[in-house]
Amino acid sequence: MIIANAKDFDLQQTFECGQCFRWNKLCDDKYIGVVGDFLMGAYYRDGSIIIECENEQLAKEYFDIEKDYSEMKKRLQCDEVMAKAISAGYGIRLLKQQPWETLVSFIISANNNIPRIKKIIELLCQTFGNEIMKDGVKYHTFPSAEALANVDGDALSAIRCGYRDKYIIDAAKKVATGEVCLDDIYSLPADEGREILKKIKGVGDKVADCILLFAYQKYDVFPKDVWIKKVLHKLYFVAEKDIDLFVRQKFGKLCGLAQQYLFYYGRQTL
DNA sequence: CGCCAGGCGGGGG
DNA sequence: CCCCCGCCTGGC
């Protein structure tokens with residue numbers, strides 16, 4: 001798949017803005033990731049972005065290829081700060097990730113750091129996922145809820161995720177039994193989706209909002225982590241308790257995308 | 001050694 | 001309801 005018009009798409013920004021954990025850069029400027037049951041590659045050639053995947057439909061959906069970012073940027077561009085943030089992260093695209101993988105990944109992300117989050121997720125896939133062979137290299141899919149619901153007690157200790165192991169098991173059981181139906185959330189308003197997700201142990205407001213934004217394209221949620229709180233305080237002089245009202249009034253239905261630009265900008269400059 | 005990292009759950013006020 | 005503390009683990 002070739003994306004000729006790549007002006008609103010930068011691979012490094014998209015893969016390293018914090019929304020995903022399973023894309024890795026190879027030495028030759030190529031990114032490799034696993035999405036669903038498929039391996040994907042992404043790289044530049046002659047000013048275009050090339051996405052390699054045996055399942056082109058999956059790749060189109062995952063990269064949300066039809067989405068018009070220039071139009072959304074125009075709508076967000078309401079002041080000096082956001083103008084700078086958008087220009088810093090001009091090539092960020094919000095990926096359409098799989099709900100189950102996103103759920104578990106952000107449970108693991110709580111009170112944790114990015115290198116360790118990636119390590120734990122990789123171990124989880126190696127230990128419980130299916131193998132994909134490509135050019136003599138082994139890759140692994142993200143394990144299903146059913147697969148994880150059936151692992152016994154301390155088998156998860158192998159992935160070194162600490163106290164989060166019981167949250168992952170709780171999530172797997174509730175999703176596998178249907179007590180929590182992740183597919184329902186696509187068509188629900190963000191507030192209702194958040195309440196469903198929070199039935200799972202280890203999922204609070206912040207984790208739920210990341211799942212709503214990164215898996216369900218609920219652009220009207222604004223995940224509030226420690227970094228974005230610092231950024232808003234520093235750049236907009238907004239106190240923590242006023243964040244929700246502030247971003248709703250300022251950025252409206254696209255506040256989730258605004259969060260990504262501000263987050264990326266803040267991590268570069270603050 | 002102590003502290004912290006992209007929160008959360010549980011207990012007490 | 002709000003506030004506060006402890007938490008697996010690995011890196012500094």
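By convention in this document, chain letters (A, B, ...) are assigned in the order of the sequence lines, proteins followed by strands, and residues within each chain are numbered from 1.
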*asked:* Just the rounded figure in Å: distance from P of B:dC8 to CZ of A:R164.
replied: 11 Å
*B:dG6 and C:dC2: how far apart are their P atoms, nearest whole angstrom?*
26 Å
_Given A:K224, which partner from the list A:D205, A:D209, A:D244 fulfils the side-chain hydrogen bond (donor to acceptor under 3.5 Å, both in side chains) test?_
A:D244
*Nearest-Å distance once atom C1' is located in both C:dG6 and B:dG2*: 16 Å
*Determine the Euclidean distance between corresponding P atoms of B:dC8 and C:dG10; express it in Å to zero decimal places.*
22 Å
*With sugar-phosphate meaning primed atoms plus P, OP1 and OP2, does A:D165 contact a base, only sugar-phosphate, or nothing at under 4.0 Å between heavy atoms?*
nothing
_Residue whose closest nucleotide on DNA chain B lies nearer the 5' end, A:G202 versus A:Q19_ = A:Q19
*Nucleotide nearest A:R116 (side chain, heavy atoms from C-beta), chosen from C:dG10, B:dG6, C:dC7*: C:dG10
*Using whole Å, report how far OH of A:Y163 lies from C1' of B:dC8.*
7 Å
*Below 3.5 Å, does any donor atom in the side chain of A:Y167 face an acceptor in the base of B:dG7, or the other way round?*
no
*Would you mind reading off the distance between A:E16 atom CD and B:dG6 atom P, rounded to a whole angstrom?*
15 Å
*What nucleic acid atoms does A:I117 come within less than 4.0 Å of, heavy atoms only: base, sugar-phosphate, or nothing?*
nothing
*Using a cut-off of less than 4.0 Å, is there contact between a side-chain N or O of A:K198 and OP1 or OP2 of B:dC8?*
no
*Take the protein atom CG of A:N111 and the nucleotide atom P of B:dG10, then report the distance between them rounded to whole Å.*
16 Å
*What integer distance in Å separates A:D205:CG from C:dC2:P?*
12 Å
*Look at the side chain of A:N113 and decide which nucleotide, out of C:dC8, C:dG10, B:dG10, has an atom nearest to it.*
C:dG10
*asked:* If you compare every side-chain N and O of A:R160 against the phosphate oxygens of C:dC8 (OP1, OP2), does one of them come in below 4.0 Å?
replied: no
*Determine, using ring centers only, whether A:F21 and A:F106 are less than 6.0 Å apart.*
yes
*Taking only N and O in the side chain of A:K119, is any of them less than 4.0 Å away from OP1 or OP2 of C:dG11?*
yes
*Mind calculating the distance between CG (A:L197) and P (B:dG9) to the nearest angstrom?*
12 Å
*Does B:dG9 have a Watson-Crick or wobble partner in any strand here, with both distances under 3.5 angstrom, and which is it?*
C:dC5
*Please determine if A:E240 and A:K229 form a salt bridge, counting it only when a charged side-chain N lies under 4.0 Å from a carboxylate O.*
yes
*Test A:E16 against A:K25 for salt bridge (charged side-chain N to carboxylate O under 4.0 Å, His left out), laying out the working first.*
CA-CA 10 Å; A:E16 295 176 25; A:K25 194 173 192 167; 5.5 Å; no
*Between B:dC8 (P) and A:K199 (NZ): distance, integer Å*: 18 Å
_As a test of reading the structure: which of B:dC8, C:dG10, B:dG6 is closest to the side chain of A:A110, going by heavy atoms?_
B:dC8
*Out of C:dC8, B:dG6, B:dG10, which nucleotide sits closest to the side chain of A:R267?*
B:dG6
*Rounded interatomic separation in angstrom, taking NZ from A:K206 and C1' from B:dG9*: 17 Å
*Report yes if the distance between the aromatic ring centroids of A:F63 and A:F9 is under 6.0 Å, otherwise no.*
yes
*Rounded distance (nearest 0.5 Å) linking atom CG of A:L257 with atom CZ of A:F222*: 11.0 Å
*Choose from C:dC7, B:dG6, B:dC8 the nucleotide whose nearest atom is closest to any side-chain atom of A:V207.*
B:dC8
